[in-house]
There are 2 protein chains.
Amino acid sequence: MIDYKNLLKENNLKVTPQRVAIMDGLDTYGHLTIDGLYKLLVDKFDSISLATIYKNLNAMVEKSFVEEVKIPNQKSVYEISKAAHSHLTCNNCGMVEDITIDLKTVIAKAKTSSDFQIDKTNLVFSGICSNCK
Amino acid sequence: MIDYKNLLKENNLKVTPQRVAIMDGLDTYGHLTIDGLYKLLVDKFDSISLATIYKNLNAMVEKSFVEEVKIPNQKSVYEISKAAHSHLTCNNCGMVEDITIDLKTVIAKAKTSSDFQIDKTNLVFSGICSNCK
DNA sequence: CTCTGTGCAAAGCGTTTGCAAACGA
DNA sequence: TCGTTTGCAAACGCTTTGCACAGAG
């Protein structure tokens with residue numbers, strides 16, 4: 001379990017119920033779209049504004065303890081930053097799942113066959129999840 | 001060199017100068033954003049509409065002989081569909097380059113360590129290109 | 001000649017911004 | 001108390017749509 005309050009404080013963001021709920025939602029569900037988050041928070045707060053979600057998500061991404069994951073043919077999802085990992089997404093139901101694969105070899109190849117300085121590797125597999133099969 | 005006219009015809013799209021120019025731009029530059037394409041075509045046509053670019057790009061992606069490439073922290077770029085490959089992008093100047101890396105091993109691992117049916121693999125490396133270093 | 005595509009203007013949507021009131025520290 | 005955050009409404013920018021005219025086949 002993650003210490004949201006401390007994570008927020010460390011990043012000079014005040015601990016508000018809305019922010020805690022955002023972190024809690026991301027931690028519980030792993031990945032959420034913006035309107036997934038909104039639907040989740042509407043139940044907890046009588047009148048939460050979409051603007052609040054945008055502002056907070058932007059601040060959290062800015063401080064880089066939350067990340068946006070861009071998925072082909074789908075809306076972006078957000079997740080709490082954790083150790084490097086890849087993603088699986090279902091083209092049918094849209095669910096997104098983490099998967100950890102060792103990419104050392106692939107990254108090494110990319111480095112030798114290009115003259116880029118490579119800082120980040122972003123890998124997304126698309127297909128059909130077991131539920132939808 | 002690609003036979004744009006035939007590609008269009010095969011997909012039941014009429015061959016118009018605008019469409020040929022879009023294909024030509026994508027072929028020449030490899031990857032273009034929507035407004036990159038627009039700026040390119042404004043020079044060739046006295047009055048081309050952004051709506052025309054959107055409609056055509058959407059039709060081409062729909063027919064899947066053009067693809068949208070989603071890049072972390074940047075605008076999407078479009079490219080003509082070709083054999084599976086990965087992408088390199090520069091966080092400084094935004095350029096996008098193709099890179100071909102054998103992903104068999106990685107895909108095999110993903111298949112065994114998940115119960116997904118994996119159809120597509122999307123890999124983007126971010127960093128700094130040689131020009132920007 | 002017929003049907004599709006283009007360009008324009010308007011509409012639509014997701015996202016951002018400005019501001020007054022509420023809240024956290 | 002002081003600076004930050006919230007919620008609302010307005011503004012914004014990107015994308016789509018409807019329609020009349022032009023162009024491809």
Side-chain angles (χ1 to χ4, degrees), chain A residues 3-25 32-63 65-78 94, chain B residues 3-25 32-63 65-78 94:
Chain A
D3 185 350
Y4 314 133
K5 299 193 179 178
N6 211 48
L7 204 47
L8 290 168
K9 279 180 197 156
E10 282 169 10
N11 287 282
N12 303 310
L13 297 178
K14 293 194 174 176
V15 177
T16 66
Q18 292 87 341
R19 285 179 177 157
V20 172
I22 289 174
M23 296 300 287
D24 196 41
L32 285 172
T33 58
I34 286 180
D35 59 85
L37 247 180
Y38 180 66
K39 281 174 190 141
L40 198 64
L41 296 218
V42 160
D43 290 336
K44 297 192 185 156
F45 301 88
D46 38 332
S47 62
I48 190 164
S49 162
L50 250 180
T52 299
I53 294 184
Y54 278 105
K55 286 174 196 169
N56 283 325
L57 235 25
N58 288 345
M60 291 166 176
V61 169
E62 176 79 19
K63 306 280 187 175
F65 62 92
V66 166
E67 281 171 40
E68 179 186 357
V69 184
K70 289 195 179 184
I71 310 275
N73 313 312
Q74 281 178 225
K75 291 182 186 161
S76 288
V77 293
Y78 292 80
Chain B
D3 184 353
Y4 313 133
K5 299 193 180 179
N6 210 48
L7 203 47
L8 290 168
K9 278 179 198 155
E10 283 169 7
N11 287 281
N12 303 309
L13 297 179
K14 293 195 173 176
V15 177
T16 66
Q18 291 86 342
R19 283 178 179 160
V20 172
I22 289 173
M23 297 300 287
D24 196 41
L32 286 171
T33 58
I34 286 180
D35 59 87
L37 246 180
Y38 179 66
K39 280 173 190 142
L40 198 65
L41 296 217
V42 160
D43 290 336
K44 297 193 184 154
F45 301 88
D46 40 330
S47 64
I48 190 165
S49 162
L50 251 180
T52 299
I53 294 186
Y54 277 106
K55 285 174 196 169
N56 283 325
L57 236 24
N58 288 346
M60 291 165 176
V61 168
E62 176 80 20
K63 305 282 187 174
F65 61 93
V66 166
E67 281 172 39
E68 179 187 357
V69 185
K70 289 195 179 185
I71 311 275
N73 312 313
Q74 283 177 225
K75 289 181 187 162
S76 288
V77 294
Y78 291 81

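Every chain is numbered from 1 and lettered A, B, ... according to where its sequence line falls, protein lines coming before strand lines.
Rounded to whole angstrom, the span from the CG atom of A:Leu57 across to the P atom of D:dT6 amounts to 12 Å. What separates OH of A:Tyr78 from C1' of C:dG14 is a distance of 11 Å, to the nearest Å. Atom CE in A:Met60 sits about 10 Å away from atom P in D:dT5, given to the nearest Å. Atom P of nucleotide D:dT5 and atom CD1 of A:Ile53 are separated by 16 Å, given to the nearest angstrom. With rounding to whole Å, B:Asn6 atom CG is found 12 Å from D:dG25 atom P. For the pair A:Lys63 NZ and D:dT4 C1', the interatomic distance rounds to 12 Å; values are reported in whole Å. Atom pair B:Glu62:CD and D:dT16:P shows a separation of 12 Å (rounding to whole Å applied). Computed from coordinates, the A:Lys39 NZ to C:dG14 P distance equals 10 Å when rounded to whole Å.
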Check your understanding: What string of B, S and - do you get for nucleotides 3-9 of chain C, 5' to 3', if B is base contact, S is sugar-phosphate-only contact and - is no contact with any protein heavy atom under 4.0 Å?
Key -> BSSBBB-
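Note on B:Asp35: nothing from the nucleic acid sits closer than 4.0 angstrom, heavy atoms only.
Of the residues near DNA chain D, B:Val15 and B:Ile34, the one whose nearest nucleotide (by heavy atom distance) lies more toward the 5' end is B:Ile34.
A search for salt bridge (Lys or Arg N to Asp or Glu O under 4.0 Å) contacts involving B:Glu68 returns nothing, not counting sequence neighbours. Residues passing the side chain to side chain contact (heavy atoms under 4.5 Å, CB included) test with B:Lys39, sequence neighbours excluded: B:Asp35. In this structure, the side chain to side chain contact (heavy atoms under 4.5 Å, CB included) partners of A:Leu32, at least two apart in sequence or on a different chain, are A:Leu26, A:Tyr29, A:Leu37, A:Leu40.
A 6.0 Å sphere centred on NZ of B:Lys44 holds more than 12 heavy atoms belonging to other residues, nucleotides or ligands.
Judged purely by atom type and a 3.5 angstrom limit, A:Lys70 uses its side chain to pair as donor or acceptor with the backbone of B:Ile71.
Here side-chain hydrogen bond (donor to acceptor under 3.5 Å, both in side chains) pairs that include residues 9-20 of chain B, with residues two or more places apart or in two chains, are B:Asn6-B:Glu10, B:Arg19-B:Asn56.
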